[in-house]
Amino acid sequence: LSQAVPAARLQAIGRQRDEWARDAVREMSRGEAAQALGKYIERGLVDVQATHKAAVREAARQFLTDRAEVGPDRVQAIAATNAQVRDLNSEIREGLRKSGELAGAQAIQVRDGRDPEKSVKLELAKGERIVVTKNENTLNLKNGDFGTVVSVSPERITVRLDRTGEAVAFDPRAVAMRHGYAATTHRLQGSTVERAIVLGSERTSREMAYVQASRSKGETRWYFS
């Protein structure tokens, strides 16, 4: 195609504010992980714990600190697998529960993201962060839409979408969703946040690390076991 029609290559990085962070992203894209991580280590942005559970706990603690500083929709936790995402979401919600931010949470039925004929229970409260996991075109909901719960009941939920700023009301039983404090690297491709919390993994590839390193405009912190 590039031989047949005019073509352009996007090479400049505009998301990260700091030049050192842009350099680290470039190094990750080339597979120079040790060199890239060295830049984060120098700035105290890499934390290594003895166990996975401890790494999740520290990542969640930092997430809650960042959330209080920059806002709930401007910080994102990132992990390689759905299991790791569930661990992070669970630990983050436990912290929010202890601080009283999930008062009045209800276990409601939502659509199963893997089987549209089934439903699963999801505990939700006002202020909860969620992510849509299947397209619902009649509601203008897209797979990967993040939002904040404005109100919730078993028959009706209202979510303010990050993508449009619009408050959308719908029957939760008709929409596949899950908690959205943490999400997989694949789901977050193309997203931009102020701060990112990355849970490292033996499953992390060069391409995955490149995406993880490049989501935040400001600070990216790395947690490993």
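Predicted, not measured: the structure shown is a model, and the values here were computed from it. Throughout, residue positions are numbered sequentially from 1 according to the sequence presented.
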Practice task
State whether a side-chain donor-acceptor pair under 3.5 Å links Gln84 with Ser201.
Solution key: yes
Handout entry: Side-chain H-bond candidate by donor/acceptor type, Arg178 with Asn82, under 3.5 Å
Key = yes
Heavy-atom closest contact ([X] atom, [Y] atom, distance):
X	Y	value
Ser119	Gln109	OG-OE1, 2.9 Å
Ser2	Ala7	CB-CB, 3.7 Å
Arg160	Gly165	NH1-O, 3.0 Å
Arg203	Ala80	CB-CB, 4.3 Å
His179	Val131	O-CG1, 3.9 Å
Pro72	Arg67	CB-NH1, 3.3 Å

Using links of under 4.5 Å between side-chain heavy atoms of ILVMFWY residues, direct or through other members, which residues join [X] in one cluster?
X	answer
Val85	none
Val132	Ile108, Val110, Val120, Leu122, Leu124, Ile130, Leu139, Leu141, Val149, Val152, Ile157, Val159, Leu161, Val168, Phe170, Val175, Met177
Leu64	Val56, Phe63, Val70, Val75, Leu88, Ile92, Leu96, Leu102, Tyr181, Ile197, Leu199, Tyr223
Val193	none

Evaluate the side-chain proximity of [Y] to [X]: yes if any heavy-atom separation is below 4.5 Å, no if none is.
X	Y	result
Arg57	Glu91	yes
Arg15	Arg215	yes
Val25	Arg30	no
Asp73	Phe146	no

Exercise for the section: Only counting residues at least two apart or in another chain, list the ones meeting ring pair (Phe, Tyr, Trp, His ring centres under 6.0 Å) with Phe224. Expected result: none
Quick one: pull up [atom1] in [X] and [atom2] in [Y] and give me the separation to the nearest 0.5 Å.
X	Y	atom1	atom2	result
Gln212	Met208	CD	CE	6.5 Å
Arg163	Glu166	CZ	CD	8.5 Å
Lys126	Thr158	NZ	OG1	10.5 Å
Ser90	Arg93	OG	CZ	8.0 Å
Lys134	Arg114	NZ	CZ	10.0 Å
Gln189	Ser214	CD	OG	9.0 Å

Taking the basic N atoms (NZ, or NE/NH1/NH2) and the acidic carboxylate oxygens, is any pair closer than 4.0 Å for [X] and [Y]?
X	Y	value
Lys39	Glu27	yes
Glu69	Arg195	yes
Arg43	Asp18	no
Glu194	Arg17	yes
Glu219	Arg221	yes
Glu58	Arg61	yes
Arg26	Glu32	no

Handout entry: Residue pairs fulfilling ring-ring contact (aromatic ring centres under 6.0 Å, His included) with at least one residue in residues 6-25, sequence neighbours excluded
Key = Trp20-Tyr40
Handout entry: Glu155/Arg173 under side-chain contact (heavy atoms from CB on, under 4.5 Å): CA gap, chis, key distance, verdict
Key = CA-CA 8 Å; Glu155 296 80 26; Arg173 295 166 293 187; 3.9 Å; yes
Practice task
Test side-chain contact (heavy atoms from CB on, under 4.5 Å) on Glu207 and Thr185 and set out the steps.
Solution key: CA-CA 10 Å; Glu207 293 81 7; Thr185 311; over 6 Å; no
Problem - Atom OH of Tyr210: over 12 foreign heavy atoms under 6.0 Å - result: no
Exercise for the section: Kindly check if the number of other-residue, nucleotide or ligand heavy atoms within 6.0 Å of NZ (Lys53) is above 12? Expected result: no
